[in-house]
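Residue numbers start at 1 and run along the sequence shown.
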Amino acid sequence: MIVATLTVVLGILFGMVFVDRLSVIGAITCALYLAIPSVVGIVRVGHGLPSLHVGSIFVIASGCCVVILRFGGPAIKNHITAPRVLPPLHVVFHLVFVMIVLVALSSGTHVVGGLIVNQIVAPYILFCVLYQAAREEPRFLERATIAVVVVCVFESAVSILVWMKFMQQPWESALSSQYWWPVISGREMGTTDHPLNLGLLLAAGLPFLAYVRSAVLTGACYISIILALLLTESRLALIGGLVASLYLIAVVPWRSKGILAVVMAVGYFVASSWGLVDAVMSRIEDDGGSANARSLAWSVFGSTWKQFIFTGAGPSNTLLQDLGLKTSAESAFILYSVAFGILATTVYFGLMLYLVISGVFRHGITPGVVSALIVIVSIQFYSSIAYESSAGAIMWISVFFALSGGPTIPRPRRASGTTEGNEQVPFESHRIVRSVDRGRGAI
């Protein structure tokens, strides 16, 4: 409870100091979610409240402080204040989200309340913080997209160093107490909650290599991320990585295409020589029953779905086991539908897809759109956001990038400075932010 109280105080303090620099609050929240796994980061709040992750506590405390200061407080630095009357579409969107949360809470228990806050409420607040920061800070999108690459390379480096025995697994003493720890022996997770979560993060971050100006640096980052993806031995992550790789080949300049092709060949050779390819192939040949578990889950859900149309039944895994399922459902949609109801679950994921599609109409198929689609599809094939992890934060961060667009993908400049062929177009995040400010935003 002391940790929770200290986090609340720090959240309020940062909310007051950085009320006009929401990017700082967003960056700290992302760091807390990704650097501290749930087994360590979820702390007791006390007074009958559910246990929450420190990242959730921080973003809720700082977010509430910012809202109070902007709507009811005095004028703040740079005169950045929230509108007194929100546009109708914004109001409808937030009300629908609140209704989903209320339905979920009414279907659940004390434990589920913590899950809802950690996986739905707090990540959504983080999404709103990042979105508002993109509207107010002209170079935020440029810096944020590069930050994604830096985070992915850092997590890849940690995974590779742990695998090579050059460093100890972060938080190993806490992680080793988990029931699944012996099962994932040999699979790397960086500083995240699980190898599947690291794979989700890296596959989601791979498309952002399109924003790196240097082709050589792009290749180096690509090799490190792909090697770390292989170390997770996550088939979903590898499929997502393949989709992201095809996207990169399609959007990078011709000169970079050749370098990227060479890098892929070198990466395959290195992975093969280290035995990583064989490890992944063995996982594909013997998936440990995951495919069978998904099939059984859909079979059980298909025969009982009518009782979950409007309301759920709380902790889903227990109920599914009572209905005849002996394994995890391996699907966020099934687990949420059984826990909170099919209607609320469908609307929740539908809102995310609406935001992604809005981003496509506004900015085209950007790296953020590809990233969001990879995440939204991937989480439907393992427990993901139905259990405590950073998956909820990763999902809403990717949706933010899909909706907000990003800087223009850089291209090599011709000597004459013309804008044809392999040119370099400067980052134009300020233009995108202004277009959002003109009122075309979805929320």
Side-chain angles (χ1 to χ4, degrees), residues 14-15 18-31 33 55-56 58-60 62-67 69-71 78 80-83 85-98 100-101 120-148 204 208 348 350-364 366-369 371-373 375-376 392-407 428-443:
F14 274 81
F18 297 103
V19 65
D20 60 337
R21 290 290 302 279
L22 297 182
S23 58
V24 176
I25 296 174
I28 294 175
T29 304
C30 292
Y33 274 124
S56 301
F58 179 84
V59 75
I60 291 173
S62 57
C64 290
C65 180
V66 168
V67 170
L69 289 177
R70 291 194 172 196
F71 276 88
N78 296 335
I80 300 175
T81 56
V85 180
L86 292 174
L89 185 58
H90 295 207
V91 176
V92 171
F93 191 92
H94 292 305
L95 285 177
V96 170
F97 183 84
V98 170
I100 294 172
V101 173
I120 299 178
V121 177
Y124 178 73
I125 294 175
L126 174 60
F127 162 81
C128 293
V129 168
L130 295 174
Y131 182 79
Q132 191 65 23
R135 297 182 61 177
E136 296 175 355
E137 302 176 37
R139 296 185 64 84
F140 174 73
L141 278 175
E142 175 186 340
R143 294 166 180 163
T145 51
I146 298 303
V148 171
F208 291 90
Y348 179 60
L351 287 176
M352 275 184 282
L353 288 175
Y354 166 73
L355 294 175
V356 174
I357 294 172
S358 297
V360 173
F361 279 108
R362 239 198 275 166
H363 310 294
T366 62
V369 169
S371 174
L373 291 176
V375 173
I376 292 174
I394 295 172
M395 177 180 65
W396 277 106
I397 291 170
S398 67
V399 172
F400 153 71
F401 280 110
L403 178 64
S404 300
E428 297 180 358
S429 58
H430 58 282
R431 178 179 59 81
I432 295 175
V433 174
R434 283 206 301 268
S435 71
V436 175
D437 282 337
R438 280 197 292 266
R440 294 191 289 174
I443 65 170

Kindly give the heavy-atom pair with the smallest separation between Gly15 and Leu69, and that separation in Å.
O-CD1, 4.0 Å

Which pair of heavy atoms, one from Val399 and one from Met352, lies closest together, and at what distance?
CG2-CG, 4.2 Å

Could you label the plane-to-plane angle of the Phe140 and Phe400 rings as parallel, tilted or perpendicular, counting under 30° as parallel and over 60° as perpendicular?
tilted

Is the backbone N or O of Ser23 less than 3.5 Å from a side-chain atom of Glu136, with the two atoms forming a donor-acceptor pair by type?
no

Measuring from Arg362:CZ to Leu355:CG, what's the distance to the nearest 0.5 Å?
9.0 Å

Rounded to the nearest 0.5 Å, what separates atom OG in Ser404 from atom NE2 in His363?
6.5 Å

Student check: side-chain heavy atoms of Thr366 and Val369 closer than 4.5 Å
yes

Side chains of Val356 and Ile376: does their closest heavy-atom pair fall under 4.5 Å?
yes

Answer yes or no: is there a side-chain heavy-atom contact under 4.5 Å between Phe127 and Leu403?
yes

Say whether, by atom type as modelled, one donor and one acceptor occur between the side chain of Ser371 and the main chain of Pro367 under 3.5 angstrom.
no

Rounded to the nearest 0.5 Å, the CG atom of Leu126 sits from the CG atom of Leu22 at a distance of 11.0 Å

Note, Ser62 side chain near Phe18 side chain (heavy atom, < 4.5 Å):
no

Determine, step by step, whether Ile25 and Val66 satisfy the side chain to side chain contact (heavy atoms under 4.5 Å, CB included) criterion, reporting the C-alpha distance in whole Å, the side-chain angles of both residues, the deciding distance to 0.1 Å, and the verdict.
CA-CA 10 Å; Ile25 296 174; Val66 168; 3.9 Å; yes

Looking at Ala204 and Val375, what are the two nearest heavy atoms and their distance?
CB-CG2, 3.5 Å

Look at the side chain of Arg70 and the backbone N and O of Val19, then say whether any donor-acceptor pair between them is shorter than 3.5 Å.
yes

Closest approach of Gly26 and Leu130, non-hydrogen atoms and distance?
CA-CD2, 4.0 Å

OG-CG distance between Ser358 and Leu353, expressed to the nearest 0.5 angstrom:
10.5 Å

Check whether Thr145 reaches the backbone of Glu142 with its side chain - one donor and one acceptor, N or O, closer than 3.5 Å.
yes

In short, Phe208 meets Gly368 closest at the heavy-atom pair CZ-CA, 3.9 Å

State, with a plain yes or no, whether a side-chain heavy atom of Ile125 is found less than 4.5 Å away from one of Trp396.
no

